[in-house]
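Residue numbers begin at 1 in each chain, while the letters A, B, ... track the order of the sequences.
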Amino acid sequence: GAVVSQHPSRVICKSGTSVKIECRSLDFQATTMFWYRQFPKQSLMLMATSNEGSKATYEQGVEKDKFLINHASLTLSTLTVTSAHPEDSSFYICSARDQGTGGYEQYFGPGTRLTVT
Amino acid sequence: KQEVTQIPAALSVPEGENLVLNCSFTDSAIYNLQWFRQDPGKGLTSLLLIQSSQREQTSGRLNASLDKSSGRSTLYIAASQPGDSATYLCAVRPGGTSYGKLTFGQGTILTVHP
């Protein structure tokens, strides 16, 4: 099946620094990728939809200047958490839509655990 | 706004039992419904996807049913095993196109003990 990778799997950073998370579709092209956030024992909340070659669409309440998304190619999207604070600590999961299956199959990455100290 | 609810929130069963996980959604105008498995600290693995025109899907010991008009889906796991222990999430995609955004339930934490 289709594989989505994320890097890094875990990152610890100091408050005020920025962190970049990469999401790659390894064996398919994805014009659309999604970024989710998951707090402990809670479900996934969609943060933004990333479209290749255009600006991301952010969900209500998500600060676009804080969570910078770039989808520069059909296989790579990045999420940069700028000026991170402890409340940004969370599990971030990306997902990529496989265009080859008619567009409705979404595959999820393994997630990135961000801890801001 | 679509809301997805999963019951129970947690379930602990002995190995070998058959079990049912429930998912309900408020807006029946869905395109499809998907069941996922999430192991602790990991991403999501798709288990079954049911299109809105379908009533059920089966994969091995898993069977998912969909009653769109009543806004309900169930995931049936036969002969449960300790390896089935995980969080199970259901998610719905709104109707209209295949490009709608998934809305997730809170998940059911399943523990199967030997």
*Cluster overlap A/I69 with A/I21, hydrophobic side-chain contacts below 4.5 Å*: yes
*A/P110 versus B/K42: any side-chain heavy-atom pair under 4.5 Å?*
no
_Do A/Y92 and A/V11 sit in one hydrophobic cluster, given that two such residues count as connected whenever their side-chain heavy atoms are within less than 4.5 Å of each other, even indirectly?_
yes
*Highest number of heavy-atom pairs under 4.5 Å with chain A: which of B/I109, B/L102, B/T103?*
B/L102
*Heavy-atom pair of closest approach, residues B/G41 and A/R113*: CA-NH2, 4.4 Å
*asked:* Please classify the contact between A/Q38 and chain B as side chain, backbone, both or neither, with a heavy-atom cut-off of under 4.5 Å.
replied: side chain
*Would you name the heavy atoms of A/Q106 and B/R93 that are closest together and state the gap between them?*
OE1-NH2, 2.5 Å
*Shared hydrophobic cluster for A/L46 and A/F67 (ILVMFWY, side-chain gaps under 4.5 Å)*: no
*Answer yes or no: are there more than 12 heavy-atom neighbours, outside B/R61 itself, under 6.0 Å from its atom CZ?*
yes
*Measure A/I93 against the heavy atoms of chain B and call it side chain, backbone, both or neither at under 4.5 Å.*
side chain
*Contacting region of A/S95 [heavy-atom separation from chain B under 4.5 Å]*: neither
*Answer with side chain, backbone, both or neither: which region of B/L44 has an atom nearer than 4.5 Å to a non-hydrogen atom of chain A?*
both
*Under 6.0 Å from the CG atom of A/L26, do we count more than 12 heavy atoms belonging to anything else shown?*
yes
_Is B/Q6 close to chain A through its backbone or its side chain, or both, or neither, when contacts mean heavy atoms under 4.5 Å?_
neither
_NZ (A/K66) with more than 12 external heavy atoms under 6.0 Å_ = yes
*asked:* Looking at A/H7, I want to see if its NE2 is surrounded by more than 12 non-hydrogen atoms of other residues, nucleotides or ligands under 6.0 Å.
replied: no
*Determine the minimum heavy-atom distance between B/Q38 and A/F91, stating which atoms define it.*
NE2-CE2, 3.9 Å
